[in-house]
Amino acid sequence: MELHRAAEKSSAAAAPSLKTGLAAMLGRPFASLPSQIMVSVLVATLVTSLLVTVLSTRSIGSFLKGEIDRKFPAILHEADERLTQWFTQRERDVATFGQSRVVVDAFRTLAVRARSDEGARVRRELQDYLSYVLAQFPQFQSLFVLDEKGQVLTWAGPHHELPPGFLRELSGVAEPSVHILRTSGGGLTQVASTPVVGSGPSLHALLQSDVLESLLANEDLGDTGSVFLIDKNGSVLIGTNASDDARRYERPLPEPGADVSIEEYARADGEHVVGCAKRFGRFGWTIIVEESYDAAFAPVVRSVRQLLVFNLAIVAVFSAIAFWIARFVARPILVLSDRALRIARGDSDVVIPQSSRADEIGVLTRTFREMMNRLRMNQDELEEKRVEIEEANRRLLAQNRELQRVNEVFEQLSITDDLTKLHNHRFFQDHLPREMKRADRTGESLALILIDVDDFKQVNDRYGHSVGDAVLRRMADVMSQEVREMDLLARYGGEEFALLASGTDLDGAVALAEKLRLSVGAARFSLLAPGGTSEIQVTISSGVAVYRGDSRAFFNDADRALYRAKEAGKDCVVASDADDQLARSSDR
């Protein structure tokens, strides 16, 4: 907006100068820069035409042929470059989309959690990303993703029915490429494809089909000329002339890499044309340029003859004044051109001299001065904006790091019991299936000990819940000191705890449970009472089970063993084995 307002101010400031220059031009025609340039060019052309007049009649034939030989290959080359750049750029675009972090992460997630809620969320994010890309790149009609079997996983943009066989061919793409399908109606369906890095699916883009005609168009051809594409069978695929689509190219096709040669021939409809052909590097296509023979040669011949007549008529009149006008015009233009060249090379300290001239050179000089002043102001503003953006980026990076740290803290809190600081029930339920799978895979023993505080309700009722919480925290500390780092001790709920011991058989688990029972029983829990500080003692009961391949029976066996420990009088350890034998400490 600032640049736009600056341009408006500059235009408003230059308006009086333009009005002054227009008035001077009307009052003195030769003070006008267009008049000076027109007369100078005309005089120079007429001087040289004295020699051209003598030679033109001899060289007109070779001149016309050389012009055609230059124009047609240039048109072919330009069309070839445009098509090549178009298809190459589309391959690069779709390859960039396929390698984006959003697409790659989406398919990695779908490969693992395709049917979960997270998989559905990832599909929606992928659909939104493809819609965003489609809005930014008008060269594409639609974007879609195929799995390894050619099935459409997601589609963004207008939907087009494509043959299943063509979709299966697209799904096997190994590198970025463009595929062409000739539709039953004679049209072309262009699809740019790329594999998605690190996954089996592939990303595809349906290209705008009407772009090829604009890429083939060339202003150098007359109304009777056309540029068109044919396939290896000679059928016209698309052309700049609507009549080309309904015919075939009957002439022999050039070999790949062959030099372009201009030929005169009659088409199937009898029209005499001048044309040439060049093999296109993709899809087995050939580019053809044709123009009517009369349209290609007659206008040039007529123009040359008319020019010769006019040049011979006026050359004598304007030759005398050519030198004076050229010298008058050239001097200020050379000065201004030198300053413009220095500006183009990046010299920002160029000083544009003042000019009192009322013609276009004066207006141009003053406008250049204003442009240089505005350029310096814009450079200063851009530098200030750059500094502000860098500072904003630094702040944003710092905020992102802080957010990441907070997220890590939240993640840790979500799996930690607030009271005992042990892992909570949720973490234990997530960890238990993984340990059972590992035991199935490695054959190692896996033991589960369920622990319950005896008569904990009486502690809460007698001393209060704050004392009960303190007892649970102290018990967690005592038991944590007795277990290995590789064991998982978690608060299962209320006064219940669960201990998962990997690499431990039934005897070892019973010994560990007995060790915990003795440690808790030996601990003393101090509390403040009206008469002073007193101590209380608590006991625990434990149920022990060993994993034998049945996940449901694993937990139920430990739970039944804990229930039997309660029935056996509490403060004991009961192991669930094949005979459901009772293992209990004699020390109460």
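- Side chains of S519 and M479 form no contact here, defined as non-hydrogen atoms less than 4.5 Å apart.
- A donor-acceptor pair shorter than 3.5 Å can be found between the side chains of D417 and T420.
- Taking all atoms of both residues into account, the shortest heavy-atom contact from T194 to P176 is OG1-CG, 3.6 Å.
- Judged by distance alone, the side chain of R168 and the main-chain N or O of G150 form no donor-acceptor pair under 3.5 Å.
- In this structure, R90 satisfies the cation-pi test against W86, with its NZ or CZ atom closer than 6.0 Å to the six-membered ring centre and inside 45 degrees of the ring normal.
- Without hydrogens or angle criteria, D454 side chain to D571 main chain gives a donor-acceptor distance under 3.5 Å.
- For the pair D487 (side chain) and R484 (backbone), a donor-acceptor distance under 3.5 Å is present.
- There is no side-chain donor-acceptor pair under 3.5 Å between Y463 and Q458.
- Side-chain contact check for T189 versus V191: some heavy-atom pair is nearer than 4.5 Å.
- Ring-plane geometry between W285 and F280 is classed as parallel, the angle between the planes falling under 30 degrees on a 0 to 90 degree scale with a further cut at 60.
- Between atom CZ of residue R279 and atom CD1 of residue I230 there is a gap of 8.5 Å, rounded to the nearest 0.5 Å.
- If you take CE on M475 and CG on L516, they are separated by 9.0 Å, rounding to the nearest 0.5 Å.
- Considering only heavy atoms from C-beta on, F428 stays 4.5 Å or farther from H423 through its side chain.
- Using modelled atom types, one side-chain atom of Q141 and one backbone atom of L207 make a donor-acceptor pair closer than 3.5 Å.
- Here the closest non-hydrogen pair linking A156 and L134 is O-CD2, 3.6 Å.
- Two residues are said to be in side-chain contact when any heavy atoms from C-beta on lie closer than 4.5 Å; Q85 and T88 fail this criterion.
- Closest approach of V510 to A575, counting heavy atoms only: CG2-CB, 3.5 Å.
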Full working for side-chain contact (heavy atoms from CB on, under 4.5 Å) between L130 and L203 | CA-CA 10 Å; L130 295 181; L203 177 65; 3.9 Å; yes
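- Remark: L488 CG to L432 CG distance equals 9.0 Å, nearest 0.5 Å.
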Could you go step by step and tell me if S202 and L170 meet the side-chain contact (heavy atoms from CB on, under 4.5 Å) rule?
-> CA-CA 8 Å; S202 52; L170 294 178; 5.8 Å; no
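- The ring of Y547 has its center no closer than 6.0 angstrom to the ring center of F555.
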Please step through side-chain hydrogen bond (donor to acceptor under 3.5 Å, both in side chains) for the pair D477 and Q481, ending with a clear verdict.
-> CA-CA 6 Å; D477 293 338; Q481 295 176 4; over 6 Å; no
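- Side chains of L450 and S542 form no contact here, defined as non-hydrogen atoms less than 4.5 Å apart.
- Summarising the geometry, atom CD belonging to E381 is positioned 15.0 Å from atom CZ belonging to R386; distances are rounded to the nearest 0.5 Å.
- Without hydrogens or angle criteria, K421 side chain to D418 main chain gives a donor-acceptor distance under 3.5 Å.
- Considering all non-hydrogen atoms of both residues, E91 and S177 come closest at OE2-CA, 3.5 Å.
- The two residues H159 and W155 come nearest to each other via the heavy atoms ND1-CD2, 3.3 Å.
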Worked verdict on Y129 versus E125 for side-chain hydrogen bond (donor to acceptor under 3.5 Å, both in side chains) = CA-CA 6 Å; Y129 172 74; E125 292 180 353; over 6 Å; no
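- Put simply, the side chain of R491 never gets that close to the backbone of A498: no donor and acceptor are under 3.5 Å apart.
- Judged by distance alone, the side chain of R564 and the main-chain N or O of R560 form no donor-acceptor pair under 3.5 Å.
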H204 vs L143, side-chain contact (heavy atoms from CB on, under 4.5 Å): CA-CA, chis, key distance, verdict | CA-CA 6 Å; H204 309 272; L143 288 170; over 6 Å; no
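- Between V544 and V574, the closest side-chain pair of non-hydrogen atoms is not below 4.5 Å.
- Without hydrogens or angle criteria, N424 side chain to F427 main chain gives a donor-acceptor distance under 3.5 Å.
- Other residues, nucleotides and ligands contribute at most 12 non-hydrogen atoms within 6.0 Å of the NE2 atom of H77.
- No side-chain heavy atom of L206 sits less than 4.5 Å from a side-chain heavy atom of Q190.
- Side-chain contact check for F166 versus H179: some heavy-atom pair is nearer than 4.5 Å.
- Rounding to the nearest 0.5 Å places CG of L419 at 5.0 Å from CG of D469.
- Using modelled atom types, one side-chain atom of R524 and one backbone atom of G521 make a donor-acceptor pair closer than 3.5 Å.
- Close placement of the F97 and F137 rings is indicated, their centers lying within 6.0 Å of each other.
- Annotation for R394: atom CZ counts as buried by contact number, over 12 foreign heavy atoms lying within 6.0 Å.
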Decide side-chain contact (heavy atoms from CB on, under 4.5 Å) for L83 and L229; before the verdict, give the C-alpha distance in whole Å, the side-chain angles of both, and the deciding distance to 0.1 Å.
-> CA-CA 11 Å; L83 291 173; L229 285 171; 3.9 Å; yes
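- Annotation: Q537, atom CD; neighbour count of heavy atoms from other residues, nucleotides and ligands within 6.0 Å is above 12.
- Not a single donor-acceptor pair under 3.5 Å links the side chain of T504 to the backbone N or O of A447.
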Do D461 and K457 pass the salt bridge (Lys or Arg N to Asp or Glu O under 4.0 Å) test, and can you show the C-alpha distance, the side-chain angles, and the key distance before you say yes or no?
-> CA-CA 6 Å; D461 293 342; K457 184 177 183 302; 2.8 Å; yes
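- To the nearest 0.5 Å, atom CZ of residue F456 and atom CD of residue E496 are 11.5 Å apart.
- Summarising the geometry of A217 relative to R82, their closest heavy-atom pair is O-NH1, 2.9 Å, with the distance given to 0.1 Å.
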